[in-house]
> 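One structure follows; several queries about it will come next.
Here is the naming used below: chain letters follow the sequence lines, and residue numbers restart at 1 for every chain. Predicted model only: the values in this text are computed from it and were never measured.
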There are 4 protein chains.
Amino acid sequence: MIKRSASRDQDTQTSGQGREAILSAAKIQFAEQGYHGTTLSLIAAHAKVCKANIFHHFGSKEGLYLAVLKDYCEQLSPLRGGRSISAPTCREQLRQFAQIHLENMFNEPGAVQLFLRELLAQDSHRKEMLAKGVLEGNFARLVQMVREGQAAGEIRSTIDPAVLAVALLGADVFFFMARDVFQHFRDVSFAEGVEDYSKALSEILLTGCLVERD
Amino acid sequence: MIKRSASRDQDTQTSGQGREAILSAAKIQFAEQGYHGTTLSLIAAHAKVCKANIFHHFGSKEGLYLAVLKDYCEQLSPLRGGRSISAPTCREQLRQFAQIHLENMFNEPGAVQLFLRELLAQDSHRKEMLAKGVLEGNFARLVQMVREGQAAGEIRSTIDPAVLAVALLGADVFFFMARDVFQHFRDVSFAEGVEDYSKALSEILLTGCLVERD
Amino acid sequence: MIKRSASRDQDTQTSGQGREAILSAAKIQFAEQGYHGTTLSLIAAHAKVCKANIFHHFGSKEGLYLAVLKDYCEQLSPLRGGRSISAPTCREQLRQFAQIHLENMFNEPGAVQLFLRELLAQDSHRKEMLAKGVLEGNFARLVQMVREGQAAGEIRSTIDPAVLAVALLGADVFFFMARDVFQHFRDVSFAEGVEDYSKALSEILLTGCLVERD
Amino acid sequence: MIKRSASRDQDTQTSGQGREAILSAAKIQFAEQGYHGTTLSLIAAHAKVCKANIFHHFGSKEGLYLAVLKDYCEQLSPLRGGRSISAPTCREQLRQFAQIHLENMFNEPGAVQLFLRELLAQDSHRKEMLAKGVLEGNFARLVQMVREGQAAGEIRSTIDPAVLAVALLGADVFFFMARDVFQHFRDVSFAEGVEDYSKALSEILLTGCLVERD
DNA sequence: TATGAATGAGCCTTCATTCAT
DNA sequence: TATGAATGAAGGCTCATTCAT
């Protein structure tokens with residue numbers, strides 16, 4: 001549960017396992033229970049560390065939370081996302097993006113949960129940080145992609161790139177949030193395979209759902 | 001302290017001056033701060049009621065929360081949604097739905113926030129209740145609508161109605177969640193008017209974003 | 001559980017079932033849980049009466065407790081004890097007393113428990129009332145009995161009547177208190193039948209346990 | 001309140017200044033007021049410790065109570081009772097036992113009060129623990145003593161050792177419980193000196209109160 | 001670095017009690 | 001007589017945080 005491989009970058013050798021263990025446990029707790037639902041005692045217990053130790057490493061609960069946030073941000077960053085998107089057509093790029101984006105979410109569910117919870121918070125002064133760090137990256141990339149498609153005459157010029165981006169991201173996010181609820185609905189067959197959903201979604205966004213009449 | 005005059009000429013609303021005040025305050029608090037972030041002291045203060053009174057009426061914090069949830073559920077129920085959707089074409093029906101759904105969310109932001117937070121909760125035993133009470137109504141209605149469109153030859157038969165439903169709901173929900181973040185992005189012009197977004201979204205879902213080549 | 005036959009003495013018809021039901025429930029609760037362990041809510045629930053009603057009838061928790069105490073006192077009073085003691089010899093009288101006393105305790109275990117708990121209380125200002133009402137009656141009677149036995153030359157004159165009384169009462173009380181503990185001990189055969197214990201006890205107190213040597 | 005100087009020069013008694021103080025205060029409170037009548041706030045105040053500290057050391061009120069119980073048990077244990085009983089005759093042994101037992105009770109009145117209160121509790125799952133820990137020791141010892149007396153021909157063989165044991169213990173316990181009540185009775189002269197009572201009691205149990213006729 | 005002990009503030013809950021009806 | 005609503009005080013317990021070691 002605790003990744004000792006984190007000492008890969010050996011610049012801060014002294015920070016050691018203690019810090020790492022705490023951070024690791026904290027990421028899980030904050031993601032699952034939210035800020036207020038998370039207790040430092042539980043984190044300390046999970047990390048097998050004295051509670052006071054948390055304060056030596058992170059100063060306060062807020063400090064720990066921020067560290068968790070930062071850590072998650074890097075994992076969610078589209079730059080780190082791994083697989084690069086490269087396809088000749090914009091159509092294909094969007095398909096790839098939709099799929100990779102969804103996969104990324106499921107690879108880091110904790111990060112996403114935390115991020116979404118933060119979005120729901122009313123007065124969070126951290127919203128902006130998250131927006132810049134996570135959302136804007138994906139968003140801007142998508143918009144750029146659409147713009148290029150429009151320039152290449154592939155995407156209709158009447159489309160608002162931002163709306164398309166929100167629609168795609170939103171459809172992914174909502175699927176992520178409610179997947180286990182959907183599974184109990186009739187008329188739902190996609191929920192089993194993430195890929196299936198992604199493909200069907202791309203298709204709708206690309207070609208619409210209306211029959212082409214004219 | 002609570003308008004004793006107003007409720008007197010009402011029907012038998014006497015049972016619940018205090019109860020109503022508590023519930024009202026609780027709805028706001030739970031929506032804004034979440035379950036763990038909400039304190040009964042604050043609710044009592046806002047309702048101008050003794051803290052012990054909360055327990056007299058709702059038994060426990062959990063009991064109060066459940067009452068809030070139930071209350072919100074009824075407000076979010078699509079049946080109560082008010083404006084009925086009636087249009088000759090499926091295309092128009094979907095447009096209307098998208099818009100009304102979005103409006104409903106903005107009319108009851110607290111309910112939506114609570115609902116979404118509950119969706120994010122890992123182990124919530126209330127998820128199912130919420131799913132049935134709120135989500136399924138909208139979802140089933142959308143699916144039915146698409147099915148009819150397919151039967152009428154208006155909607156492509158290759159479309160999975162469930163995916164379309166998730167996409168539409170998701171796009172709305174995500175817009176609701178992140179609206180104030182989007183406003184700080186460049187390339188975003190829709191965020192000001194809810195209607196504009198709704199229209200543009202419907203357009204994309206209906207006709208897609210690709211240029212029709214053939 | 002509630003004796004409605006209590007309306008036997010119909011002098012206070014108005015006091016009715018409510019008062020009676022409360023008192024009845026209170027007797028049980030106070031006996032089983034003690035003063036601090038008893039809650040008025042529970043009494044009200046058991047009596048199927050509104051909590052506020054208790055205050056109308058008894059004024060306060062203390063008032064109710066006092067009423068219970070008084071009620072129990074009358075039941076424990078040796079006068080009401082029913083079977084009168086009448087035997088030609090003091091020896092026989094003591095035997096009878098020991099047995100009847102023990103039986104009385106087991107007939108009103110609640111009263112005894114309450115009484116003993118009160119005895120254990122450090123600063124109880126009710127101790128005196130109980131002492132006069134319950135203990136002194138039995139005690140004085142026993143002492144008197146012994147005195148007569150001494151006058152009649154039946155009881156040794158060197159015996160302190162008070163010590164004998166304490167010994168007899170104490171042996172009974174302790175048996176009552178610890179009966180279910182004793183049952184788990186080896187070497188204990190008396191605990192099953194109350195009568196057996198009483199007889200054996202009387203025998204010891206009367207003739208001692210030493211072999212008569214001289 | 002607790003000798004901070006005394007324990008410093010002791011051996012590693014450092015672990016438990018607070019703990020010890022809490023336990024000490026708790027013993028007094030629980031003994032005097034019973035479980036339900038005791039408040040942790042008061043204990044904390046008496047121990048000059050933060051209330052939260054109690055939970056740090058004992059986990060809960062119940063935990064603290066159990067610790068108190070355990071502590072008292074050891075003090076009441078007949079093994080620790082100090083003065084050993086050694087006399088040539090069983091008669092003398094019983095006399096000694098009666099006296100030492102009574103003295104022990106008065107030396108640890110709190111322990112005895114707690115113990116007796118627990119005996120009065122209806123549903124106490126701790127009864128057995130107490131029975132084994134405290135009562136059984138004394139009881140078995142007495143029974144054994146009597147058995148030996150019977151084997152030596154000193155004690156009548158018709159005597160049930162268990163009954164004699166209960167009588168002796170009960171007479172002591174009852175004297176302990178009701179001493180201050182007895183003092184207000186006429187006809188009572190023993191209550192002043194514990195020794196006097198003990199002697200008189202032993203005499204009765206040994207030789208009975210009847211005049212030896214034959 | 002790491003820890004056990006300690007703390008003050010606050011939380012949820014319960015209690016005995018009062019009040020209006 | 002009887003009750004539901006309301007309350008202030010207190011109770012047990014948890015939390016984030018600090019301190020000495």
Side-chain angles (χ1 to χ4, degrees), chain A residues 14-19 22 36 38-44 48-65, chain B residues 1-2 4 14-19 21-22 36-44 47-64, chain C residues 14-19 21-22 36 38-44 48-65, chain D residues 14-19 21-22 36-44 47-64:
Chain A
T14 50
S15 64
Q17 338 140 280
R19 215 192 111 96
I22 293 169
H36 288 297
T38 292
T39 153
L40 294 188
S41 305
L42 201 57
I43 290 178
K48 287 174 183 169
V49 166
C50 175
K51 202 176 13 169
N53 212 344
I54 296 179
F55 289 86
H56 273 282
H57 284 298
F58 300 94
S60 69
K61 188 185 184 182
E62 176 95 12
L64 175 57
Y65 184 68
Chain B
M1 221 149 256
I2 290 166
R4 301 193 178 277
T14 54
S15 77
Q17 252 157 12
R19 216 193 111 96
I22 293 168
H36 289 295
T38 292
T39 176
L40 294 188
S41 303
L42 202 56
I43 290 179
K48 288 176 180 167
V49 164
C50 175
K51 208 182 357 176
N53 211 352
I54 296 179
F55 293 88
H56 177 57
H57 285 296
F58 300 95
S60 68
K61 188 185 185 182
E62 174 103 12
L64 175 57
Chain C
T14 50
S15 65
Q17 335 139 283
R19 217 192 109 97
I22 293 168
H36 288 296
T38 292
T39 161
L40 293 188
S41 304
L42 201 57
I43 291 178
K48 287 174 183 169
V49 166
C50 175
K51 202 176 14 169
N53 212 344
I54 297 178
F55 290 87
H56 273 282
H57 284 299
F58 300 95
S60 70
K61 187 184 185 182
E62 177 95 13
L64 175 58
Y65 184 69
Chain D
T14 55
S15 78
Q17 250 156 15
R19 213 192 114 98
I22 293 168
H36 289 294
T38 292
T39 178
L40 294 188
S41 304
L42 201 57
I43 290 179
K48 287 179 182 166
V49 164
C50 175
K51 205 176 8 170
N53 210 353
I54 296 179
F55 294 90
H56 176 58
H57 285 297
F58 300 96
S60 69
K61 188 184 184 184
E62 174 103 13
L64 175 57

> Nearest of E:dT17, F:dT17, F:dT3 to any side-chain atom of A:Lys51?
F:dT17

> So which atom in C:His57 and which in C:Gly18 form the shortest heavy-atom distance, rounded to 0.1 Å?
NE2-C, 4.4 Å

> Using whole Å, report how far CG of A:Leu40 lies from P of E:dA9.
19 Å

> Locate the shortest heavy-atom distance separating C:Ala44 from C:Cys50; write the atom from each residue and the value.
CB-C, 4.2 Å

> Take the protein atom CD1 of D:Ile22 and the nucleotide atom C1' of E:dT7, then report the distance between them rounded to whole Å.
12 Å

> Got a second to check how far B:Asn53's CG is from B:Ile22's CD1, nearest 0.5 Å?
4.5 Å

> Side chain of C:Lys61: nearest nucleotide among F:dC13, E:dT17, F:dC15?
E:dT17

> On the nucleotide F:dA5, are OP1 or OP2 found under 4.0 Å from the side-chain N or O atoms that B:His56 carries?
yes

> Would you name the heavy atoms of D:Phe55 and D:Lys61 that are closest together and state the gap between them?
CE2-N, 4.4 Å

> In whole angstroms, how far is the C1' atom of E:dA6 from the NZ atom of D:Lys48?
17 Å

> Can you work out whether B:Phe55 or C:Glu62 has the more 5'-proximal nearest nucleotide on DNA chain E?
B:Phe55

> Checking side-chain contact (heavy atoms from CB on, under 4.5 Å) against C:Leu42, which of C:Thr38, C:Leu40, C:Thr39 comes through?
C:Thr39

> Starting at CD of B:Gln17 and ending at C1' of E:dC19, how long is that distance when rounded to a whole Å?
14 Å

> Should E:dT21 form a Watson-Crick or G-U wobble pair with both distances under 3.5 Å, which nucleotide is its partner?
F:dA2

> Between D:Gly59 and B:Ile54, just flag the one whose closest nucleotide in DNA chain F comes earlier from the 5' side.
B:Ile54

> Please name the nucleotide paired to E:dT13 by Watson-Crick or G-U wobble geometry with both distances under 3.5 Å, or report none.
F:dA10

> Would you tell me if any nitrogen or oxygen in the side chain of D:Ser60 comes within less than 4.0 Å of OP1 or OP2 on F:dG12?
no

> At under 4.0 Å, does any side-chain N or O of D:Asn53 touch on OP1 or OP2 of E:dT7?
yes

> Among E:dA16, F:dA16, E:dG4, which is the nearest nucleotide to the side chain of A:Ala52?
E:dG4

> Could you give the NE2-to-P distance, from B:His36 to F:dC15, as a whole number of Å?
10 Å

> F:dC15, F:dT3, E:dC15: which one has an atom nearest the side-chain heavy atoms of C:Thr39?
E:dC15

> Given F:dA6, is OP1 or OP2 found less than 4.0 Å from the side-chain N or O atoms of B:His57?
yes

> Measure the distance from CD1 on C:Ile43 to P on F:dT3 and round it to the nearest whole Å.
16 Å

